[in-house]
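For clarity, every value in this text was computed on a predicted model and none was experimentally measured. Numbers restart at 1 for each chain; the letters A, B, ... are given by sequence-line order, proteins then strands. Keep in mind that the numbers below use all heavy atoms, side chains included, and drop hydrogens, waters and symmetry copies.
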Amino acid sequence: MKMMTMINLVRGSVMKIHGLSRASRCLAAEGGVRGLSSSSGPRVCIVGGGPAGFYTAQQLLKARHDTAVDVYERLPVPFGLVRFGVAPDHPEVKNVINSFTQTAQHERCSFHGNVNVGKDVTIDELRQAYHAVVLSYGAEGNRSMGIPGEDLPGVFSAKDFVGWYNGLPCNKELHPDLSCETAVILGQGNVALDVARILLAPVEMLKETDISQNSLEALANSKVRRVLIVGRRGPLQIACTIKELREMVNLPKVRADMLPADFKGIAEVLKDLPRPRKRLTELMMKAVKEGGDDKAEKCWGLRFFRSPVEVLAGADGKRATGIRLALNKLEGSGESARAEVTGQTEDVDCGLIISSIGYKSIPIDPAVPFDPRRAIVPNEMGRVQDTAGLYCSGWVKRGPTGVIATTMNDSFDTARVLIQDMEDGKLDLSVNKPGAKAITALLQTRGVRTVLFSQWEKINAEEEKRGRSLGKPREKLLDVDEMLKIAWS
Amino acid sequence: MSACALRVLLQRAAVMRKAAHQTFSQTRAFPQCVTGSYTYSRGINTLTNSLRAEEKVTVHFLNRDGKRISVKALTGESLLDIVVNHDLDIDGFGACEGTLACSTCHLIFEEAVYKKLGPISDEEMDMLDLAYGLTDTSRLGCQVCLRKDLDGMILRVPDVISDARVDSEKESSTAPPKV
């Protein structure tokens with residue numbers, strides 16, 4: 001594991017040099033004369049400092065050498081779901097932070113953390129200060145199950161649970177009760193598998209990651225032995241990707257506990273499936289067949305054709321003690337198959353219920369169109385409907401699906417569309433815009449002080465220092481006030 | 001021992017090390033190419049350096065815009081190394097920096113060349129399964145290293161079509177049944 005980190009470091013520096021040389025080439029192309037403040041070039045504002053924001057910025061900076069980009073982020077710390085969503089035992093995915101850092105340090109880019117767009121500053125104010133505004137603020141809400149009992153103690157959204165073990169400030173007091181034997185996760189996407197893996201992984205493995213110390217201690221005392229991952233459709237419709245499934249299969253000291261009946265008829269259709277679906281299904285069937293270490297006291301299992309209908313409370317009615325699942329049958333086949341109830345139900349005893357049925361974007365400013373049904377900002381190729389100069393990228397553009405590469409491509413697309421609009425004259429660039437100068441002054445009158453990227457680097461250094469003393473790559477600060485104190489020290 | 005056989009041996013050693021490190025759930029992605037940039041162990045590096053012997057071969061990349069980029073690179077370098085070291089302009093290439101955690105260094109090979117490349121690990125296949133425009137001759141650039149017998153090969157950078165993937169990969173929906 002140490003060696004891996006080392007290789008990542010080597011890689012990181014290689015990438016950095018790569019980026020710098022490109023940046024210097026850009027400089028040469030501009031004659032190296034223009035300073036930011038005297039710029040008369042286009043100014044673009046990006047709302048949200050996660051992958052969508054940084055990939056959009058990266059492409060804008062690359063495609064036009066006169067464009068300045070400012071990224072606004074609500075928290076004092078950058079990188080969004082790469083920091084707060086990616087599982088702590090997936091450090092390799094977090095390598096994208098290296099290129100985001102290069103972007104943030106680019107001479108035509110600036111990062112402004114601790115700015116809550118929609119509250120501290122409105123979208124209209126941003127639109128006045130910039131030639132274009134890109135919404136890249138992601139999906140901070142979650143879909144609710146809409147069933148009785150889902151607000152009972154013992155029921156959590158995966159978003160909050162993930163936020164808890166990843167050190168998201170607003171989830172630090174989640175205190176999930178891990179004293180029960182069985183946990184049920186509703187949903188079978190990669191987030192569901194991340195949660196299952198964190199619940200079952202040996203603590204000695206987790207303690208070398210950047211998992212937050214409070215959750216590590218809670219997990220060390222966890223009594224959870226069995227994690228069931230429930231989906232309303234069948235094995236051929238499972239939403240996770242194969243990497244995450246393979247990680248479950250390979251979990252040490254944990255066995256798979258599946259229901260062979262769920263896989264009836266699957267072997268017959270296997271050969272006609274497209275390669276990714278075929279390999280994923282084969283791996284599941286291998287887990288059904290082999291199960292794994294029989295002596296393992298911990299187990300995980302996929303449960304198909306089941307939908308939640310009610311969270312069951314104990315005798316005192318005060319906390320979740322089980323869940324009632326409706327048994328489904330499939331109508332149709334393939335990706336578009338629908339789950340239909342059969343009328344039968346099944347009760348499962350469990351003290352921990354985590355709903356992982358999807359994230360959801362929420363509107364942040366009444367001036368921005370929002371489609372409540374699809375929970376996205378309505379747009380055409382990233383151009384926000386009926387609002388010239390307003391764009392979107394990432395989950396707020398297309399919904400909360402896909403891996404980081406999906407968001408990367410999608411953000412590059414939005415940036416290309418924006419650049420196209422500049423070249424075609426659809427964006428009026430004839431008027432100079434003040435950009436961050438005006439916005440920072442406005443924020444100051446409202447008592448809002450921003451955190452610049454160099455100030456984030458102080459937080460970063462402190463987190464790495466605290467991590468070192470614990471034998472971890474990083475120990476995240478959980479308190480926003482503490483982050484601010486260090487940033488402005 | 002021929003250079004090629006030695007290379008295979010080295011790769012096997014790397015894979016074995018990889019297996020040894022796979023104590024945890026995650027895929028520890030050791031690139032199979034052993035070049036000077038990576039510090040596996042001194043022994044391996046020494047072997048590789050003598051193997052490399054400063055041989056340069058030509059690689060042609062067919063970029064998304066249809067333009068051909070040709071570079072001369074050292075044997076032993078991974079294709080990701082080549083893109084990075086030569087500062088080739090391929091958008092978003094190698095996002096996870098060669099750790100088998102994404103599929104952004106996906107490249108498409110000519111069939112004859114593909115056959116020469118040797119076996120693919122399950123972990124590479126897993127990532128390829130998520131790649132845009134997957135073909136039967138697709139590989140990840142971070143997992144393929146340059147050899148003398150690959151001189152002159154043409155690699156196609158696949159087109160990126162954002163809407164190619166369905167909304168099924170990150171979250172399943174377990175919405176309550178219609179009552």
To the nearest 0.5 angstrom, please state how far the [atom1] atom of [X] sits from the [atom2] atom of [Y].
{"X": "A:E247", "Y": "B:E123", "atom1": "CD", "atom2": "CD", "result": "10.0 Å"}
{"X": "A:H90", "Y": "B:T99", "atom1": "NE2", "atom2": "OG1", "result": "10.5 Å"}
{"X": "B:D159", "Y": "A:N409", "atom1": "CG", "atom2": "CG", "result": "11.0 Å"}

With sequence neighbours excluded, tell me which residues meet side chain to side chain contact (heavy atoms under 4.5 Å, CB included) with B:S138.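 B:S138: side chain to side chain contact (heavy atoms under 4.5 Å, CB included) contacts with B:H106, B:I108, B:L128, B:L134, B:T135.
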So does [X] have more than 12 non-hydrogen atoms from other groups sitting under 6.0 Å from [atom1]?
{"X": "A:K329", "atom1": "NZ", "result": "yes"}
{"X": "B:E111", "atom1": "CD", "result": "no"}
{"X": "B:K148", "atom1": "NZ", "result": "no"}
{"X": "B:D136", "atom1": "CG", "result": "no"}

Per the side-chain contact (heavy atoms from CB on, under 4.5 Å) rule, which among A:K243, A:R275, A:K278 passes with B:D129?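 So the option named by the test is A:R275.
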What part of A:E204 gets within 4.5 angstrom of chain B, counting heavy atoms only: side chain, backbone, both, or neither?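 Nothing of A:E204, per the 4.5 Å heavy-atom cut-off to chain B.
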Please give me the minimum heavy-atom distance between [X] and [Y], naming the atom from each residue.
{"X": "B:A95", "Y": "A:Y55", "value": "CB-OH, 3.8 Å"}
{"X": "A:N95", "Y": "B:C96", "value": "ND2-O, 2.9 Å"}
{"X": "A:T406", "Y": "B:Y132", "value": "CA-OH, 3.4 Å"}

B:D122 vs A:R279 side-chain heavy atoms within contact, under 4.5 Å: yes
B:L100 vs A:E92 side-chain heavy atoms within contact, under 4.5 Å: no
Quick check for you: among A:L200, A:I97, A:I242, A:V93, which has the greatest number of heavy-atom pairs under 4.5 Å with chain B?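 When all of A:L200, A:I97, A:I242, A:V93 are compared, A:I242 has the most.
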Chain A contact via B:M125 - which portion, at a heavy-atom distance below 4.5 Å: both
